[in-house]
Amino acid sequence: MSGPYVIRGSVSLPEAELMWRFSRSSGPGGQHVNTTDSQVELRFDLAKTQSLPPVWKERALARLADRLVDGVVAVRASEHRSQWRNRETAAVRLASLLAEASAPPPRPRRATRIPRGINERRLREKKQRGDTKRGRSGRDWG
């Protein structure tokens, strides 16, 4: 692998906690695919990890609850012919999944009123558009 995969800031995926599994892929490769284990499944025990800050871990556990099996999140990659490239893809995919799941929630939207001028202009343009369309009917043509 090409090094630590950064989740966010200084937090990265710990190599010791990653569990790899390889199998034969059904993807591209012709006869080559029948002889090599190029599909990669990367598993990460999110429930037991100590490498994530507790707040991030709670957020990720809550957001990925439907993807977890006994607290373990799994990512599979089989797009490439090479096992090494599939390993890279799976690790990057896992890091981005954890980054997205552990991100802080967006700020709540502050409710604001639409200015009266904008609303009046919108209604005026709607009326104008309706008049244009009404003018296209052939009622007055004789």
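The residues of the chain are indexed from 1 along the displayed sequence.
- Interatomic distance, CE of M19 versus CZ of R21, reported as 11.5 Å (0.5 Å rounding).
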Under the criterion side-chain contact (heavy atoms from CB on, under 4.5 Å), I'd like the reasoning laid out for V40 against Q83: C-alpha separation, chi angles, the key distance, then a yes or no.
CA-CA 7 Å; V40 173; Q83 185 189 98; 4.0 Å; yes
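- With rounding to the nearest 0.5 angstrom, the CZ atom of R8 is 9.5 Å from the CG atom of L52.
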Using a 3.5 Å cut-off and no angle test, enumerate the donor-acceptor pairs between side-chain atoms of residues 122-129 and protein atoms at least two apart in sequence or in another chain.
| from | atom 1 | to | atom 2 | distance (Å) |
| --- | --- | --- | --- | --- |
| R122 | NE | N119 | OD1 | 3.3 |
| R122 | NH2 | N119 | OD1 | 2.9 |

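- Once rounded to the nearest 0.5 Å, the distance linking CG of L97 with CZ of R63 reads 11.5 Å.
- Put simply, V73 and V6 are part of two different groups of oily side chains (I, L, V, M, F, W, Y) that touch within less than 4.5 Å, one to the next.
- The side-chain heavy atoms of Y5 and L94, taken from C-beta on, include no pair separated by under 4.5 Å.
- The side-chain heavy atoms of V72 and F44, taken from C-beta on, include no pair separated by under 4.5 Å.
- Note that OG1 of T89 is 5.5 Å distant from CD of E79, once rounded to the nearest 0.5 Å.
- Summarising the geometry, atom CG belonging to L61 is positioned 14.5 Å from atom CH2 belonging to W56; distances are rounded to the nearest 0.5 Å.
- Distance check: R76 CZ to R43 CZ gives 9.0 Å after rounding to the nearest 0.5 Å.
- With T49 contributing its side chain and L46 its backbone, the two residues share no donor-acceptor pair below 3.5 Å.
- Using a 4.5 Å heavy-atom cutoff, the side chains of Q50 and K57 are in contact.
- Around CG of D70, the count of heavy atoms belonging to other residues, nucleotides or ligands within 6.0 Å does not exceed 12.
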Which donor-acceptor pairs under 3.5 Å do the side chains of residues 100-108 make with protein atoms, sequence neighbours left out?
| from | atom 1 | to | atom 2 | distance (Å) |
| --- | --- | --- | --- | --- |
| S102 | OG | L98 | O | 2.7 |

